[in-house]
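For reference, the structure is listed below as structure tokens.
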Amino acid sequence: MTISRQPAPNSESELFSRAQALAGFTLGELAELAGQIAPPDLRRDKGWVGQLLEWHLGATAGSQPVPDFANLGIELKTIPISHLGKPLETTFVCVAPLIGLQGVNWENSHIRHKLARVLWIPVEGEREIPLTERHVGSPLLWSPSADEEARLRQDWEELMELIVLGKVEQITARHGEVLQLRPKAANSRVQTDAYGADGHPIKTLPRGFYLKTQFTAELLKRHFML
DNA sequence: GCGTGATCATGA
DNA sequence: TCATGATCACGC
């Protein structure tokens, strides 16, 4: 027997209602409803939780570089949290462009569009809790506040400046207050094109932008305090 | 290899 | 204990 993915939501409120309806369920219950067998742990299935929630909410993008809910312009992010409600991991946003950067600015950047509207779904993430027993939390529809966007923009501009200057290999995860640049690849042998220090092309490890846990923690806290 | 979904595992 | 750098799976 196969069970097909839920239909795509037609509005933001419909999507949010559907996400609220998932709160309180365990991942085991949601897996069964989707006709899936939960893996024993996430070591070999790191994206399983995100993909399970995508199924339940009717996300359409797959692996395309477009929002999960393209018609609504909304990105879905599951976020693993501790029993105190704090994020256990940084949040991957998107791959960082390393070449072809003429004309790219914050306003037209891929990352700004990705973060313009995000549906956050907290999920219990402590490894002590068996995967099937972890609970889904209450969702949060978020857009960056003026202050949040300013901080994201500042980090992004500093990181992109280093990339354009051919200093990508000098960037570490310690750069940036809220946004960091880290490897995003199958393994450390993967190579892609980037600018070298002399302006000529080099091969380097693909990088991605990640939101630091302190940033997402504040965002979640603001929600729970309201 | 790229972009999607992310978490793992180890050194500091 | 915790963040960084590395890694896993999938479709194309």
Side-chain angles (χ1 to χ4, degrees), chain A residues 5 8 19 22 27 30-31 34 36-70 73-84 86-100 109-111 113-115 118-132 134 136 155 159 168-194 201-218:
Chain A
R5 179 179 54 74
L22 298 180
L27 296 181
L30 295 183
Q36 296 188 30
I37 303 297
D41 55 59
L42 296 177
R43 278 182 294 183
R44 293 196 166 275
D45 296 270
K46 297 179 179 181
W48 184 77
V49 177
Q51 289 164 356
L52 178 63
L53 274 291
E54 284 187 350
W55 186 94
H56 278 277
L57 295 173
T60 55
S63 64
Q64 302 170 76
V66 298
D68 297 298
F69 301 94
I74 297 175
E75 182 73 15
L76 172 67
K77 290 288 176 198
T78 60
I79 184 164
I81 56 166
S82 72
H83 61 103
L84 297 175
K86 298 191 68 177
L88 291 168
E89 298 287 347
T90 55
T91 300
F92 171 71
V93 182
C94 61
V95 167
L98 302 182
I99 55 169
S109 67
H110 190 20
I111 187 171
H113 292 300
K114 274 235 166 190
L115 293 177
V118 179
L119 178 64
W120 296 96
I121 302 188
V123 178
E124 289 179 334
E126 278 160 342
R127 295 185 209 177
E128 289 70 23
I129 307 175
L131 186 56
T132 56
R134 297 180 192 176
V136 174
D155 284 348
L159 291 167
V168 63
E169 296 191 323
Q170 296 174 34
I171 300 173
T172 74
R174 286 167 271 281
H175 284 86
E177 300 295 324
V178 299
L179 191 68
Q180 56 183 187
L181 193 77
R182 306 214 314 270
K184 172 58 174 173
N187 56 64
S188 59
R189 279 90 62 195
V190 175
Q191 298 272 90
T192 194
D193 292 320
I202 62 167
K203 288 288 189 180
T204 194
L205 193 55
R207 315 298 164 101
F209 288 116
Y210 295 77
L211 298 176
K212 300 185 74 171
T213 55
Q214 182 181 318
F215 182 78
T216 50
E218 290 173 13

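A, B, ... follow the sequence lines: proteins, then strands. Residue 1 opens every chain. Values reported hereafter were calculated over all heavy atoms of this structure, with side chains retained and with hydrogens, waters and symmetry mates removed.
At the phosphate of B:dT7, neither OP1 nor OP2 sits under 4.0 Å from any side-chain N or O atom of A:R127. OP1 or OP2 of B:dC8 has not a single side-chain nitrogen or oxygen of A:R43 nearer than 4.0 Å. Remark: A:H110 is in phosphate contact with B:dT4, judged by side-chain N or O atoms under 4.0 Å from OP1 or OP2. Put simply, A:K184 has no side-chain N or O that comes within less than 4.0 Å of OP1 or OP2 on C:dT7. Phosphate proximity of C:dA3 to A:Q180: absent, as no side-chain N or O sits under 4.0 Å from OP1 or OP2. Contact annotation: A:K114 reaches the phosphate of B:dT4 (side-chain N/O to OP1 or OP2, under 4.0 Å). OP1 or OP2 of C:dT7 has at least one side-chain nitrogen or oxygen of A:S188 nearer than 4.0 Å. Contact annotation: A:T78 reaches the phosphate of B:dA6 (side-chain N/O to OP1 or OP2, under 4.0 Å).
Proximity of A:E126 to A:L88: side-chain heavy atoms (C-beta onward) are separated by under 4.5 Å at one or more points. Between A:T78 and A:L52, every side-chain heavy-atom pair lies at or beyond the 4.5 Å cut-off. No side-chain heavy atom of A:K86 sits less than 4.5 Å from a side-chain heavy atom of A:T213. Side-chain contact between A:I74 and A:L76 is absent, with no heavy-atom pair separated by less than 4.5 Å.
Taking atom CG of residue A:L131 and atom C1' of nucleotide B:dA6, one finds them 13 Å apart after rounding to whole Å. Atoms CD (A:Q191) and P (B:dC2) sit 10 Å apart, rounded to a whole Å. If you measure from atom CH2 of A:W55 to atom C1' of B:dG5, you get 17 Å, rounded to the nearest angstrom. If you measure from atom NE2 of A:H113 to atom P of B:dT4, you get 14 Å, rounded to the nearest angstrom. Atom CG of A:L119 is separated from atom C1' of B:dG5 by 15 Å (rounded to the nearest Å). If you take CG of A:D193 and P of B:dG1, they are 11 Å apart, rounded to a whole angstrom. Rounded to an integer number of Å, the gap from CG of A:L52 to P of C:dC10 is 16 Å. For the pair A:N187 CG and C:dC10 P, the computed distance is 16 Å after rounding to whole Å.
Between the A:T91 side chain and the A:K212 main chain, no donor and acceptor come within less than 3.5 Å of each other.
Distance from the side chain of A:K77 is smallest for B:dA6 among the nucleotides B:dA6, C:dA6, B:dT4. Closest to the A:P206 side chain, of the nucleotides B:dT7, C:dT7, B:dC2, is B:dC2. Comparing atom distances between the A:R44 side chain and each of C:dA9, B:dA6, B:dC2 picks out C:dA9 as nearest.
Residue A:L30 comes nearest to A:L22 through the heavy atom pair CD2-CD2, 4.0 Å, listed as atom of the first residue, atom of the second, then distance.
Among the heavy atoms of the strands lying under 4.0 Å from A:G47 is at least one base atom, whether or not backbone atoms are also near. Within the nucleic acid shown, A:E75 comes within 4.0 Å of sugar-phosphate atoms alone, with no base atom in reach, counting heavy atoms only. A:T90 comes within 4.0 angstrom of a base, heavy atoms only.
Mapping A:E89 and A:A185 onto DNA chain C via the closest heavy atom, the residue that lands nearer the 5' end is A:E89.
A donor N or O paired with an acceptor N or O is not found under 3.5 Å between the base of C:dC10 and the side-chain atoms of A:Q51. Side chain A:Y210 to base B:dA6: a donor-acceptor pair is found below 3.5 Å.
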